[in-house]
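So you know, we letter chains A, B, ... as the sequences are listed, proteins then strands, and number each from 1.
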There are 2 protein chains.
Amino acid sequence: MSYKLNLDKLDFQIIQEMMENAEISYADLGKKLFVSGGTIHVRIKKLEECGVVKGTRLSVDLKALGYDVIAFIGIFLEKSSLYDTVAKELRKIPEIVRLNYTTGNYSMFAEVVCKDIKQLRFVLHDELQKIKGIERTETFISLDESLNRNVVVVGE
Amino acid sequence: MSYKLNLDKLDFQIIQEMMENAEISYADLGKKLFVSGGTIHVRIKKLEECGVVKGTRLSVDLKALGYDVIAFIGIFLEKSSLYDTVAKELRKIPEIVRLNYTTGNYSMFAEVVCKDIKQLRFVLHDELQKIKGIERTETFISLDESLNRNVVVVGE
DNA sequence: ATTGAAAGAGTCTCAGT
DNA sequence: ACTGAGACTCTTTCAAT
């Protein structure tokens with residue numbers, strides 16, 4: 001399915017560093033990895049062209065912005081085949097930030113970010129319940145997020 | 001707990017734009033939002049100082065890097081009070097990228113990113129099972145990720 | 001608080017190795 | 001494929017409003 005990309009140790013090191021902090025200059029990153037800034041530049045350009053690097057995103061503290069409630073929702077479908085149509089409806093709800101089709105107990109798994117419990121209640125009760133094909137849902141509200149990081153990427 | 005931050009519409013607009021694409025120049029973003037590049041600069045500096053903006057991160061295609069398997073793990077603890085000690089152990093496992101203490105069925109909820117099923121099996125069987133305090137786990141393997149985006153942030 | 005311009009720092013290109 | 005230097009663009013500072 002996916003092409004055989006020829007990434008070496010340096011490519012993985014660059015990705016690892018910049019996944020945590022994309023603001024570092026090419027010159028500084030080059031020093032850290034014992035190559036020139038020019039080489040870092042060439043590698044990043046290659047990684048962008050082959051689609052491995054998709055861009056850079058601002059990392060924000062959602063709590064500080066008033067988004068205090070994170071919840072996970074396990075969704076049971078009436079029929080598994082309804083996945084695509086239900087996913088299409090769920091996509092329209094801006095509070096839903098992530099959606100996965102999963103094996104196991106639930107048919108789908110969603111993550112919701114809200115300002116408060118009132119808004120979560122609105123999403124669960126008003127938005128979700130009117131979507132055809134959803135049998136029932138189970139909600140897990142996050143009381144504490146103890147970890148949120150990137151995976152450690154390594155070559156073979 | 002958190003300070004009353006005085007963020008206006010412009011702050012929220014800047015955050016919204018840069019959550020998706022942090023590479024845009026201050027001048028271009030200023031044009032888009034009808035202010036000068038200097039104003040964008042002042043606002044971002046303010047947002048960094050008050051901790052709302054934590055930095056920028058490279059967005060990568062994990063599948064292209066060979067990380068094909070995303071799984072969610074519901075964890076049942078023997079006692080809820082074991083949360084901190086179990087979280088400390090789970091933190092040591094690099095494949096675990098996210099960990100939440102939740103209400104509902106499970107005590108904790110983890111997300112795992114692996115190269116293949118073999119590696120997932122290793123995490124579940126060898127790493128997780130030897131942690132004291134975990135009663136049992138339920139695993140949900142993602143067959144398809146249909147959505148992964150940022151929440152839409154708005155002021156009051 | 002916002003602006004525009006000048007100074008400083010970083011990115012990008014390219015010829016040489 | 002890597003390097004270093006020059007051209008170019010962006011960030012950062014600051015005086016004026």
Side-chain angles (χ1 to χ4, degrees), chain A residues 2-62 64-67 150 152-156, chain B residues 2-61 64-66 150 152-156:
Chain A
S2 78
Y3 293 93
K4 172 71 190 152
L5 297 167
N6 252 344
L7 305 185
D8 64 11
K9 197 183 164 193
L10 180 61
D11 294 313
F12 276 96
Q13 283 174 314
I14 291 168
I15 291 165
Q16 192 71 63
E17 290 287 339
M18 294 190 67
M19 275 203 306
E20 286 305 320
N21 173 27
E23 272 160 346
I24 190 169
S25 78
Y26 294 174
D28 288 349
L29 185 51
K31 258 176 225 158
K32 209 166 173 177
L33 302 177
F34 307 106
V35 290
S36 74
T39 298
I40 300 290
H41 177 244
V42 170
R43 295 302 188 101
I44 289 177
K45 216 174 133 188
K46 182 188 77 178
L47 291 167
E48 279 169 351
E49 272 162 11
C50 73
V52 169
V53 167
K54 294 189 286 183
T56 71
R57 289 180 172 188
L58 205 67
S59 164
V60 301
D61 182 345
L62 286 173
L65 287 174
Y67 288 80
N150 289 303
V152 177
V153 291
V154 287
E156 47 252 286
Chain B
S2 77
Y3 294 95
K4 172 69 191 152
L5 297 167
N6 253 343
L7 304 185
D8 65 9
K9 197 184 164 194
L10 181 60
D11 294 313
F12 277 95
Q13 283 174 314
I14 292 168
I15 291 165
Q16 192 71 62
E17 290 287 341
M18 295 189 69
M19 276 203 306
E20 286 305 322
N21 172 26
E23 272 160 347
I24 191 169
S25 77
Y26 294 173
D28 287 348
L29 186 51
K31 256 175 227 159
K32 209 166 174 178
L33 301 178
F34 307 105
V35 290
S36 74
T39 299
I40 301 290
H41 177 244
V42 170
R43 295 302 188 101
I44 290 176
K45 215 173 134 188
K46 182 188 78 179
L47 291 166
E48 281 168 350
E49 271 162 11
C50 72
V52 168
V53 167
K54 293 189 288 183
T56 72
R57 289 180 173 188
L58 205 69
S59 164
V60 302
D61 183 345
L65 287 174
N150 289 303
V152 177
V153 292
V154 287
E156 47 250 289

Open item on the list: Using 0.5 Å steps for rounding, measure from the CD1 atom of Ile14(A) to the OH atom of Tyr26(A).
Closed with: 9.5 Å
- [ ] For residues Leu47(A) and Leu7(A), determine if any side-chain heavy atom of one lies less than 4.5 Å from a side-chain heavy atom of the other.
- [x] yes
Open item on the list: According to side chain to side chain contact (heavy atoms under 4.5 Å, CB included), who are the partners of Ser25(B), at least two apart in sequence or on a separate chain?
Closed with: Ala27(B), Asp28(B)
Open item on the list: Taking side chain to side chain contact (heavy atoms under 4.5 Å, CB included) as the definition, give me every residue that meets it alongside Val153(A), ordered by chain and number, with sequence neighbours left out.
Closed with: Phe12(A), Ile15(A), Gln16(A), Met19(A), Val151(A), Leu62(B), Leu65(B), Tyr67(B)
Task: Set of salt bridge (Lys or Arg N to Asp or Glu O under 4.0 Å) partners for Lys32(B), sequence neighbours left out - done: Glu17(B)
- [ ] Apply side-chain hydrogen bond (donor to acceptor under 3.5 Å, both in side chains) to Asp61(B) and list each qualifying residue two or more places apart in sequence or on a separate chain.
- [x] none
Task: Lys45(A): salt bridge (Lys or Arg N to Asp or Glu O under 4.0 Å) partners, not counting sequence neighbours - done: none
- [ ] Hey, could you give me the OG1/CE distance between Thr56(B) and Met18(B), rounded to the nearest 0.5 Å?
- [x] 7.5 Å
- [ ] Mind calculating the distance between CD1 (Ile44(A)) and P (dT13(C)) to the nearest angstrom?
- [x] 14 Å
- [ ] Using five base pairs at each end, measure the axis-to-axis angle across the helix from dA1(C)-dT17(D) to dT17(C)-dA1(D) and round it to 10 degrees.
- [x] 20°
- [ ] Can you sort out which residues in residues 11-20 of chain B have a heavy atom within less than 4.0 Å of DNA chain D? Ascending by number, please.
- [x] none
Open item on the list: Using 0.5 Å steps for rounding, measure from the CD1 atom of Ile40(A) to the CZ atom of Arg43(A).
Closed with: 8.0 Å
Open item on the list: Tell me every residue that passes side-chain hydrogen bond (donor to acceptor under 3.5 Å, both in side chains) with Thr39(B), counting only those two or more places apart in sequence or in another chain.
Closed with: Ser36(B)
Pairs under 3.5 angstrom, nitrogen or oxygen only, protein versus nucleotides 6-9 of chain C, please.
none

- [ ] Return each pair, listed once, that meets salt bridge (charged side-chain N to carboxylate O under 4.0 Å, His left out) where at least one residue sits in residues 46-57 of chain A; pairs must be two or more places apart or across chains.
- [x] Asp11(A)-Lys46(A)
- [ ] Tell me, please, which residues at least two apart from Glu20(A) pass side-chain hydrogen bond (donor to acceptor under 3.5 Å, both in side chains).
- [x] Asn150(A)
Task: Base-contact (B) and sugar-phosphate-only (S) positions in nucleotides 1-17 of chain D, heavy-atom cut-off under 4.0 Å, - elsewhere - done: -SB------SSSB----
